[in-house]
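One structure below.
Predicted, not measured: the structure shown is a model, and the values here were computed from it. Just so it is clear: chains get the letters A, B, ... in the order the sequence lines come, proteins before strands, and each one is counted from 1.
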Amino acid sequence: MKARDPIEDLTAVPDFGLGWLDASGDHTDMVLSTRVRLARNLQGHAFGPRARVNDREAVLEQVREAKGRVGPLGGSTVVNLSSLDTRSRRILHERRLISRELLGDQSGPARGTAVVLSGKQPLSVMVNEEDHLRLQSLVAGLRLQEAWSLVDRLDEELGQQVPYAFHHEFGFLTSCPTNVGTGVRASVLMHLPGLVLTKEIGKVLQGLTQVGLTFRGLYGEGSEVVGNFFQVSNQATLGKSEEDLVDHLDQMVRRVIQFETHARQVLLRDARAVTEDKISRAYGLLRYARTLSFEELMNLLSGVRLGTSLKLLPGLRVYTLNKLMIFTQPAHLEQAAGRDLPPQESDAHRAAYVRRVLATEGDVDPDNFRDDVAGDLQ
Amino acid sequence: MVCEICGQRDSVTKLTEVINNQVTVRNLCEQCAAEKGVENEEGPVNFPLSEFLAQMGEAPEPHTSSEATCGFCGLAFAAFRETGRLGCPHCYATFETHLRGLLRRIHGGTQHVGKVYLPLDPTAPERAKRLEGLRRRLRRAVDSEDFERAAEIRDLIRSLEPT
């Protein structure tokens, strides 16, 4: 029986927010994606946690009414989250287009919660999260200036259509005082296996906090670090201009890239055989395993991504690795299977999907690989 | 188990090293580990804002009564200290004195220096502030040779300047 291709099956849900998978932009082997979000609230309504149903619905209505006059939201779709089925919501969450809060609990997200997905640009707006609006741009690789410009233009236009809450001293007002001022949170998703393996990561992360940056796991606030992926972002939002905050993050991320590059050189210099063995084993497990938990997959993908970056696995593209990371998440697998999957089945579906993708677009020629490694070892 | 370096103190942590392609794991005491540059693996502690706010109450800050309540959304100051979330834009005016101290601690200051929002029906001073902000951004765009952005900002400035 021919297995169904999960990507084709995803046509049932909006295929948004996956532009960054293409691995374009700078340093894509170490930086998966760049995101800039702006927190905004409208005048005359209580913020998210204290908003009543009529507040939330009025906010959503203002956005719905305004979006046709906002260029960057051209061809956009408003996805009403309270009436969207659970699996589709989970898919949006797995694509990092909606937060944990908008994913909702058993009873689903509150009435009036929505996400607006631009049809033309990598832009989206979460509506009625903790703040009324969370404007976000999400692009591949390290492209902070571009991500900032995109969301800035959206903000300029949207702000002329709906009345933002703004204070002459405190700037853009937000539900949580940690976001007030610019409302900017710029973040870069980095893959840092070299620093983790050489045990230098603690020092680097500590250094980042000392220069006003913070780090989180893959899914943002409150999520754990898996597969050596770290989301690095600015901490303070008030007292510096947006451009300064974005530039500062950009400079610091480039320094982390230098540290990571150095750590990888150390690994190859001092522990080449061990490193190559780890990478090859990771590839072998991904290529042939019959069950994979998501966590195991992420750890193996981390090894293989390192191998690709070090040019130890010829023929494997970063795009393929990005795709494997997104489409092997539980809701994506369920969407492909067309039904709910209990954990054990999910692990089997995950492994089957990975085997299939690697067979078609990630087949590393073993002889070629062996020659390469032997050559490097001499 | 005793520390494998000093051989005296109890070991509290493990150090993994790669020497000549061999992975070695050594048990070290706190002091020797620190000398080897081993960091505490837990990393920086992210403490919740609410605790931070609670601690703030102990500092000699301008006093905001816990009974103070926002006239627009009804949020009591005590509830803000518990959740760390403000209720509405008006809360910033209601709890202004207290917030200044808090914002200084979180962000290092209270004065916003980023984008200046132009309200839908702006007053003359609001218009002037916006122009000032746009001119600042224009200078920056020119300095960083982002001429496309500079042209866009110049258009925004022109639309605000009296003709």
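- With contacts defined as side-chain heavy-atom distances shorter than 4.5 Å, the pair A:Lys240/B:His107 does not qualify.
- Looking at B:Leu75, the atoms closer than 4.5 Å to chain A (heavy atoms on both sides) sit in the backbone and in the side chain alike.
- With a threshold of 4.5 angstrom between heavy atoms, B:Pro119 does not approach chain A through any atom at all.
- Within the 4.5 Å cutoff, the side chain of A:Thr174 has heavy atoms near those of the B:Tyr92 side chain.
- Chain A forms more heavy-atom pairs under 4.5 Å with one residue of B:Gly87, B:Ser144, B:Gly108 than with any other, namely B:Gly87.
- With a 4.5 angstrom heavy-atom cutoff, A:Leu42 touches chain B only via backbone atoms.
- Using a 4.5 Å cut-off between heavy atoms, A:Thr198 makes no contact with chain B at all.
- Contact count versus chain A (heavy atoms, under 4.5 Å) is highest, among B:Thr110, B:Leu103, B:Val113, B:Val116, for B:Thr110.
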**Request:** Kindly indicate, with the supporting measurements, whether the criterion salt bridge (charged side-chain N to carboxylate O under 4.0 Å, His left out) is fulfilled by A:Glu156 and B:Arg130.
**Result:** CA-CA 12 Å; A:Glu156 285 291 329; B:Arg130 163 82 171 174; 2.9 Å; yes
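- With a 4.5 Å cut-off on non-hydrogen atoms, A:Thr237 touches chain B through its backbone and its side chain both.
- Using a 4.5 Å cut-off between heavy atoms, A:Gln161 contacts chain B through its backbone alone, with no side-chain atom that close.
- The closest donor-acceptor contact from the side chain of B:Tyr117 to the backbone of A:Tyr164 lies under 3.5 Å.
- The shortest side-chain heavy-atom distance between A:Pro177 and B:Phe80 falls under the 4.5 Å cut-off.
- If you measure heavy-atom distances from B:Glu126 to chain A, you find no contacts under 4.5 Å at all.
- With a 4.5 Å cut-off on side-chain heavy atoms, A:Asp152 and B:Arg149 count as touching.
- Neither the backbone nor the side chain of A:Val266 comes within contact range of chain B, judged by heavy atoms closer than 4.5 Å.
- Looking at A:Gln235 and B:Ile106, their side chains never come closer than 4.5 Å, going by heavy atoms from C-beta outward.
- We find the CG-CZ distance between A:Asn179 and B:Arg85 to be 8.0 Å, quoted to the nearest 0.5 Å.
- Between B:Arg137 and A:Glu242 there is no salt bridge, since no side-chain N of the basic residue sits under 4.0 Å from a carboxylate O of the acidic one.
- The most heavy-atom pairs under 4.5 Å with chain A, out of B:Gly74, B:Ala141, B:Cys70, B:Gly114, come from B:Gly114.
- With hydrogens and angles disregarded, no donor-acceptor distance shorter than 3.5 Å links the side chain of A:Arg50 to the backbone of B:Cys88.
- Using cut-offs of 30° and 60° on the angle between ring planes, the pair B:His112 and A:Phe166 is perpendicular.
- At a 4.5 Å heavy-atom cutoff, the contact between A:His168 and chain B is made by backbone atoms alone.
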